Number of protein chains: 2
Amino acid sequence: MSKIIVIEDDVYLREELVNTFMKKGYSVSSISSFNEPEKEILDNNPDLAVLDINLPGKSGFELCKRLKSRASFPILVLTARDTLSDELYALGLGADDFLTKPCHPDRLIARTQRLLRTYVKVRNLLQTGDLILDIDTYKVIWKNAHVVLSDTEGKILQILLERYPSVVSKQDLFLKLWGGNEYVDENILQVNMTRLRKSLDTIGIRNIIQTERGRGYRLEMSKS
Amino acid sequence: MSKIIVIEDDVYLREELVNTFMKKGYSVSSISSFNEPEKEILDNNPDLAVLDINLPGKSGFELCKRLKSRASFPILVLTARDTLSDELYALGLGADDFLTKPCHPDRLIARTQRLLRTYVKVRNLLQTGDLILDIDTYKVIWKNAHVVLSDTEGKILQILLERYPSVVSKQDLFLKLWGGNEYVDENILQVNMTRLRKSLDTIGIRNIIQTERGRGYRLEMSKS
DNA sequence: ATAACACTTACAGTTGTTGTAAGGATGCAC
DNA sequence: GTGCATCCTTACAACAACTGTAAGTGTTAT
């Protein structure tokens, strides 16, 4: 059954949420300390997160945003304040649904089920900006267009996406692609870079891979 | 820009909705007659549908369900009655979001944007029961497992899915796969059926392709 | 101007996919 | 249960796609 993580500081509400999901047969865990919530959540590798926005310390909004940039599971945001601006802000940050407390358990479950239904389809998709990469098939989606990359090209793009917006050194790429750079022609990376750029070009993606001379490669998302 | 279709019988409300979306730059159309709403909507090939549940004639719930089984665009359900049971029912039928009228335009837009954001990722996915097929790459997803089919295998599964739950004749398969059955060995279809079954078997999908002796093949979804 | 670094094109080995062939299994009619 | 029609399975070779190698061209910093 699906794994849900509850991020809520109020003990009473937290237990209530956990119980609601447990009764439906979900595997539930929750955050106890709020020192490193992001790490704790990611380590848990959940299928869905229920996130209270009004957290101690760093804002829940910030947490939502950071999680969204690093994982593909859906986030259901809860709040006690029933304000439209909170909802708009949360949805804008990438939250997948927004409910106000108190919330009827049936509604919570129904919304959760809906999110999980969709999650099966988008799992293993990396997204940064408008660019989406299916890491199972290396299908790239970009503004209603798509192209399927070959294995090597796809792996390169995956690594660049996972490290975005950092620069990835050639050595790192060699390590991940060929397990070191001792016995492989150094040129092979450049060849595959050319191929990748050409493949992306066929659906109109241009100048996304920037060469940082002497340091490696880096993705550059155009702000269109 | 994305294409949105509005299905609402009240003229005044319809215009309001259309305007809200137009102002944001969406391409909007709406249903005028309610004789054949399903056909009209599908012909329009929208990226999202906004559906009033309280329609004349056939219930909006029924329409929602039928659309969901035949298309992959998201459906945002609107209603005047603020009852939990309507919401649960709509979400259960596959609706992607549920809002009560009157609804603040900003909220409507935010929810719409969220749905469209996800839609980019799930476009070109066929789903029947627990089985999901990406028709671009022929990746099959089934209960947290996945496998990538070869071209021919994928095309066969796609055809069977599109015709589900009907039986597809061998002749139809030949037509779609090889453009007729004159110059091709009749055996090739059986060979590829074996291959497809074997591929699906690797992720635990068994007995999904039923042979209808003398008539063709048919998908059978297990009720698990 | 030069050397280091990056890019591009062409080619051949390898891998995966596809259709062909041949034989085996299964179901139906009598 | 015998025989025939239908369907299934395995092995193989032709073909296409992908990958790494080689060689030469372009670009940048000093």
Side-chain angles (χ1 to χ4, degrees), chain A residues 136-140 147-160 167-202 206-220, chain B residues 136-140 147-160 167-202 206-220:
Chain A
D136 297 323
T137 60
Y138 300 126
K139 171 170 82 162
V140 177
V147 66
V148 181
L149 304 177
S150 72
D151 255 41
T152 315
E153 294 171 34
K155 279 178 192 152
I156 294 174
L157 185 56
Q158 179 181 351
I159 295 169
L160 293 177
V167 177
V168 183
S169 71
K170 289 193 163 195
Q171 197 154 30
D172 280 8
L173 286 165
F174 268 111
L175 265 165
K176 292 237 178 193
L177 286 164
W178 295 280
N181 57 354
E182 295 88 13
Y183 304 101
V184 193
D185 182 358
E186 212 235 325
N187 178 46
I188 183 61
L189 182 57
Q190 296 175 356
V191 172
N192 280 293
M193 278 294 173
T194 299
R195 286 173 179 156
L196 175 55
R197 281 171 170 143
K198 192 179 291 179
S199 297
L200 295 176
D201 186 85
T202 61
R206 300 197 173 96
N207 306 323
I208 201 178
I209 300 178
Q210 299 292 326
T211 306
E212 297 285 322
R213 193 175 177 81
R215 297 198 294 139
Y217 300 90
R218 166 180 74 75
L219 287 190
E220 159 97 9
Chain B
D136 297 324
T137 60
Y138 299 127
K139 171 170 82 162
V140 177
V147 65
V148 180
L149 306 175
S150 71
D151 254 43
T152 315
E153 295 170 34
K155 277 177 193 154
I156 294 174
L157 184 57
Q158 178 180 352
I159 296 169
L160 292 177
V167 176
V168 182
S169 72
K170 288 193 163 196
Q171 198 153 28
D172 280 9
L173 286 166
F174 268 111
L175 264 165
K176 291 235 178 194
L177 286 164
W178 294 280
N181 59 353
E182 294 88 13
Y183 304 101
V184 192
D185 183 356
E186 213 236 323
N187 179 46
I188 183 61
L189 181 57
Q190 297 174 355
V191 171
N192 280 293
M193 279 294 174
T194 299
R195 287 174 180 155
L196 175 54
R197 281 172 171 143
K198 191 179 292 180
S199 296
L200 295 176
D201 186 86
T202 60
R206 298 195 174 99
N207 306 323
I208 201 178
I209 300 178
Q210 298 292 325
T211 305
E212 297 284 323
R213 195 177 177 80
R215 296 198 296 140
Y217 299 90
R218 165 180 75 76
L219 287 189
E220 159 96 9

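Everything numeric in this text was worked out from a predicted model, so none of it was measured. Hydrogens, waters and symmetry mates are skipped; everything else that's a heavy atom, side chains included, is used. The sequence lines fix the lettering, A, B, ..., with proteins before strands; numbering per chain opens at 1.
Atoms CG (B/L149) and P (C/dG16) sit 16 Å apart, rounded to a whole Å. In this structure, B/I156 places its CD1 atom 14 Å from C1' of D/dC8, rounding to the nearest Å. One interatomic measurement links the two molecules: CG of B/D151 to P of D/dC18, which rounds to 11 Å at whole-angstrom precision. The OH-P distance, from B/Y138 to C/dT17, rounds to 14 Å in whole Å. Atom CD1 in B/I188 sits roughly 13 Å away from atom C1' in D/dA13 (whole-Å rounding). The NZ atom of A/K155 sits 12 Å away from the C1' atom of D/dC18 (whole-angstrom rounding). Nucleotide C/dT17 holds its P atom 17 Å from the CG atom of B/L177, rounded to whole Å.
Residues that satisfy the salt bridge (Lys or Arg N to Asp or Glu O under 4.0 Å) test with A/K139, not counting sequence neighbours, are B/D134, B/D136. Partners of B/S169 under the side chain to side chain contact (heavy atoms under 4.5 Å, CB included) rule, at least two apart in sequence or in another chain, are B/Q171, B/D172. Under the side chain to side chain contact (heavy atoms under 4.5 Å, CB included) criterion, B/R197 pairs with B/M193, B/I209, B/T211, B/Y217, sequence neighbours left out. Take A/D201 and apply the side chain to side chain contact (heavy atoms under 4.5 Å, CB included) test, not counting sequence neighbours, and it matches A/R206. Qualifying salt bridge (Lys or Arg N to Asp or Glu O under 4.0 Å) partners for B/R215, counting only residues two or more places apart in sequence or in other chains: B/E212. Under the side chain to side chain contact (heavy atoms under 4.5 Å, CB included) criterion, B/S150 pairs with B/E153, sequence neighbours left out.
Close to D/dG20, at under 4.0 Å from its OP1 or OP2, lies a side-chain N or O of A/W178. For D/dC18, neither phosphate oxygen OP1 nor OP2 lies less than 4.0 angstrom from any side-chain nitrogen or oxygen of A/S150.
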Next on the checklist: Across nucleotides 3-13 of chain C, 5' to 3', mark each nucleotide with B, S or - according to how protein heavy atoms within less than 4.0 Å reach it.
Outcome noted: -BBBBBBB---

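Rounded to 10 degrees, the angle separating the terminal axes of the helix from C/dA1-D/dT30 to C/dC30-D/dG1 is 40°, with each axis obtained from five end pairs.
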